[in-house]
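Note on naming: letters A, B, ... go to the chains in the order of the sequence lines (proteins, then strands), and numbering restarts at 1 for each one.
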Number of protein chains: 2
Amino acid sequence: MAKCEQCIIKQFNSLKSLTKSELMRISSCKTSKIIKKGTVIFEEGDVLNGVYCVKDGICKLSKLSENGKDQIVKMVVKGQLLGQRSLISDASSNLQATALNDMEVCFIPKTEIIADLQKNPKFSFDVLKEMANDLKEADDVIVNMAQKSVRQRLAETLMYIHDSFGVNPDGTLSVLLSREDYASIVGTATESAIRVLSQFKKEGLISTIGKFIKIEDFNGLKRVE
Amino acid sequence: MAKCEQCIIKQFNSLKSLTKSELMRISSCKTSKIIKKGTVIFEEGDVLNGVYCVKDGICKLSKLSENGKDQIVKMVVKGQLLGQRSLISDASSNLQATALNDMEVCFIPKTEIIADLQKNPKFSFDVLKEMANDLKEADDVIVNMAQKSVRQRLAETLMYIHDSFGVNPDGTLSVLLSREDYASIVGTATESAIRVLSQFKKEGLISTIGKFIKIEDFNGLKRVE
DNA sequence: AATAAAACATGACAGATATCATATTTTAAA
DNA sequence: TTTAAAATATGATATCTGTCATGTTTTATT
């Protein structure tokens with residue numbers, strides 16, 4: 001089994017601030033898991049007793065609205081930690097995590113890492129930084145949701161995915177989402193998301209290769225109103 | 001000048017986790033300020049070199065959208081800290097803070113408190129907790145913005161203000177906001193906010209005493225669709 | 001390969017909300 | 001007090017978006 005100390009993934013998240021001995025201890029009690037596309041990793045209300053370090057794949061964090069629709073709040077990709085809040089609070093999760101493609105994750109029990117959060121100030125400061133950044137991003141999402149049209153939000157979502165999660169060799173977005181997922185990110189009806197994406201295609205802003213989306217006119221997307 | 005060690009306000013925020021000596025040091029370099037209603041405390045892009053401990057009053061944290069409208073992201077009241085993120089990151093503020101009524105605050109320079117964040121794990125864990133909670137609240141706001149009607153959002157805003165910030169002796173909401181502010185919280189046009197509030201009044205869900213709003217039918221507001 | 005199921009697509013229509021216009025009322029300033 | 005400015009209010013209208021209906025295409029399963 002791979003060792004945390006040598007794992008490249010840890011460079012991308014706050015685990016990098018742990019000392020070698022801390023990493024070794026964690027390594028010895030972590031569990032590697034393969035999670036199949038579509039699997040619910042944890043649900044709203046679940047009490048998490050640890051964090052997941054995402055080695056590969058991507059998942060969505062969503063919350064069920066009272067109207068029965070799912071709202072995607074954030075996406076977590078390779079390199080990031082999933083379920084950070086469980087380290088800080090004993091409260092149950094307010095979000096559901098679902099794998100968007102096949103994932104490889106390491107689960108680190110809370111009991112093993114919580115002490116490091118208390119003792120290693122570099123580590124806790126790092127977690128603090130990530131959380132502050134999440135909060136900043138959440139503020140932006142709030143403003144977008146409140147002030148922009150579905151068309152604008154969808155355009156921005158495409159650009160966000162492009163910039164944050166990268167593209168395949170052929171230029172298509174590496175993250176493959178259903179129209180329903182797009183609707184669920186943007187906070188609109190699935191039909192509306194489909195309509196807008198069709199429109200973008202007609203306007204030459206995007207193209208599709210199979211199920212993949214390729215941004216053809218980045219500046220055009222920026223100018224969408 | 002009042003001393004931090006004896007200040008009751010600190011009980012309500014993470015400063016309570018500082019030791020007596022830490023508090024005494026901070027106390028000696030803090031600055032008390034009176035901020036008049038309407039004053040912009042800091043703007044988007046400003047680099048904050050400290051945090052404000054709110055001793056009295058309330059302010060709004062807002063962000064300017066590209067369409068020129070302000071979106072209120074959060075409100076900060078007596079007891080809370082303002083500008084926490086400046087302690088964690090050197091980046092400029094992504095939000096603007098504006099006093100909604102006359103405020104009394106203490107400004108604590110970053111230089112004085114940053115060391116405590118690194119050395120006192122209880123304190124940093126406490127800041128972490130507050131930030132985790134802010135993040136959770138932000139998630140809820142995102143879902144509400146994305147999935148609920150203006151009517152529902154406004155009803156929830158009224159209940160939120162009632163529950164979080166309390167009422168005056170006559171039962172009216174203690175926080176006095178303009179219709180424009182309500183619109184800016186809910187993310188709608190000022191006219192729409194006015195219309196919905198008028199409607200709530202007609203329906204007997206709320207009443208007004210002068211400029212103050214009183215919730216008359218809490219369950220009715222809950223049931224708003 | 002045949003079939004069922006899921007995902008995608010598009011039209012028609014209704015309802016919600018923004019915008020613009022115009023009063024009215026309240027607050028602030030001279 | 002008078003006047004100007006800001007906040008509140010309401011109507012008319014256009015636009016955006018959701019919902020329902022229906023059809024097509026793609027994917028999965030037997």
Side-chain angles (χ1 to χ4, degrees), chain A residues 36-38 60 65-71 98 100-102 144-158 175-203 206-213 224-225, chain B residues 36-39 60 65-71 98 100-102 143-158 175-203 206-213 224-225:
Chain A
K36 285 227 169 285
K37 177 180 176 179
K60 64 180 175 185
S65 174
E66 286 158 33
N67 64 9
K69 287 189 184 170
D70 242 12
Q71 176 66 36
T98 314
L100 286 171
N101 48 32
D102 290 353
N144 287 343
M145 285 294 172
Q147 304 284 352
K148 294 183 180 172
S149 67
V150 168
R151 231 177 108 79
Q152 281 176 306
R153 278 180 269 156
L154 200 36
E156 293 194 7
T157 298
L158 292 171
V175 177
L176 183 58
L177 297 173
S178 69
R179 307 294 145 122
E180 196 180 357
D181 283 328
Y182 278 109
S184 185
I185 292 171
V186 163
T188 189
T190 306
E191 296 95 320
S192 297
I194 288 173
R195 245 181 273 269
V196 173
L197 284 175
S198 301
Q199 192 60 33
F200 282 172
K201 211 169 151 183
K202 269 186 200 154
E203 294 170 18
I206 64 172
S207 65
T208 50
I209 301 178
K211 295 203 61 164
F212 287 88
I213 291 176
V224 160
E225 294 212 341
Chain B
K36 283 226 172 284
K37 176 180 174 176
T39 306
K60 61 180 176 186
S65 174
E66 286 157 33
N67 65 8
K69 288 187 184 171
D70 243 12
Q71 176 65 36
T98 314
L100 286 171
N101 49 34
D102 291 353
V143 177
N144 286 343
M145 285 295 173
Q147 305 283 354
K148 294 183 181 172
S149 67
V150 169
R151 230 177 111 80
Q152 281 177 307
R153 279 180 269 154
L154 199 36
E156 292 193 8
T157 299
L158 292 171
V175 176
L176 184 57
L177 297 173
S178 69
R179 306 295 144 121
E180 195 180 357
D181 283 328
Y182 278 108
S184 184
I185 291 171
V186 163
T188 190
T190 306
E191 296 96 320
S192 297
I194 288 172
R195 245 180 272 269
V196 173
L197 285 174
S198 300
Q199 192 60 32
F200 282 171
K201 211 168 152 183
K202 268 185 200 156
E203 294 170 21
I206 64 171
S207 63
T208 51
I209 301 177
K211 297 204 59 163
F212 287 88
I213 290 176
V224 160
E225 294 213 341

> Report the residues that fulfil side chain to side chain donor-acceptor pair (under 3.5 Å) with A/Asn67, sequence neighbours left out, ordered by chain and then residue number.
A/Ser65, B/Gln147
> One character per nucleotide, please: for nucleotides 9-14 of chain D, 5' to 3', B when the base has a protein heavy atom closer than 4.0 Å, S when only the sugar-phosphate does, - otherwise.
BBBB--
> Please confirm whether the shortest side-chain N or O distance from A/Lys69 to OP1 or OP2 of D/dT19 is below 4.0 Å.
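True: A/Lys69 side-chain N/O within range (under 4.0 Å) of D/dT19 OP1/OP2.
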> Go through the steps for A/Thr98 and A/Asp70 under the test side chain to side chain contact (heavy atoms under 4.5 Å, CB included), then give the verdict.
CA-CA 12 Å; A/Thr98 314; A/Asp70 242 12; 5.9 Å; no
> Anything under 4.0 Å to a heavy atom of chain A counts; send over the first and last such nucleotide of DNA chain C, read 5' to 3'.
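In short, chain A contacts DNA chain C from C/dA7 to C/dA12.
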> Taking side chain to side chain donor-acceptor pair (under 3.5 Å) as the test, write out the residues that go with A/Lys211, two or more places apart.
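Result, side chain to side chain donor-acceptor pair (under 3.5 Å) vs A/Lys211: none returned.
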> Give me the atom names and distance for the closest heavy-atom approach of B/Ala146 to A/Met145.
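Minimum heavy-atom separation between B/Ala146 and A/Met145: CB-SD, 3.7 Å.
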> Hey, can you pull the residues of residues 148-155 of chain A with a non-hydrogen atom under 4.0 angstrom from DNA chain D?
A/Ser149, A/Val150
> Test: side-chain hydrogen bond (donor to acceptor under 3.5 Å, both in side chains). Region: residues 183-200 of chain B. Which pairs qualify, not counting sequence neighbours?
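For residues 183-200 of chain B, and leaving out neighbouring residues, the side-chain hydrogen bond (donor to acceptor under 3.5 Å, both in side chains) pairs sorted by first residue read B/Gln199-B/Glu203.
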> Please name the residue in the list B/Glu156, B/Arg153, B/Gln152 that meets the side-chain hydrogen bond (donor to acceptor under 3.5 Å, both in side chains) test with B/Asn144.
B/Glu156
> 5'-most contact on DNA chain D: B/Leu177 or A/Thr188, nearest heavy atom basis?
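Final value for this comparison: B/Leu177.
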> Could you tell me the separation between the CG atom of B/Asn67 and the C1' atom of D/dT15, rounded to a whole number of Å?
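Atom-to-atom, B/Asn67 to D/dT15, this comes out as 16 Å.
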> Whole angstroms only, please: what is the CD-P distance between A/Glu225 and D/dT17?
13 Å
> Report the distance from atom CD1 of A/Ile194 to atom CG of A/Leu154, rounding to the nearest 0.5 Å.
11.0 Å
> Taking side chain as C-beta onward, heavy atoms only, is A/Phe200 less than 4.5 Å from A/Val224?
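Answer yes - side chains close enough.
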> Applying side chain to side chain donor-acceptor pair (under 3.5 Å), name anything that partners A/Ser207, two or more places apart in sequence or on another chain.
A/Glu216
> Which pair of heavy atoms, one from A/Leu197 and one from A/Tyr182, lies closest together, and at what distance?
CD1-CD1, 4.2 Å
> Quick one: bend of the helix from C/dA1-D/dT30 to C/dA30-D/dT1 from 5 pairs per end, to 10°?
50°
> Whole angstrom is fine here: how far is it from NZ in A/Lys37 over to C1' in D/dT27?
10 Å
> Excluding sequence neighbours, so at least two apart, what forms side chain to side chain donor-acceptor pair (under 3.5 Å) with B/Lys37?
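If we apply the side chain to side chain donor-acceptor pair (under 3.5 Å) test to B/Lys37, skipping adjacent residues, there are no hits.
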> Restricting to salt bridge (charged side-chain N to carboxylate O under 4.0 Å, His left out), what partner residues turn up for B/Asp181, sequence neighbours left out?
B/Lys60
> Taking salt bridge (charged side-chain N to carboxylate O under 4.0 Å, His left out) as the test, write out the residues that go with A/Glu66, two or more places apart.
B/Lys148
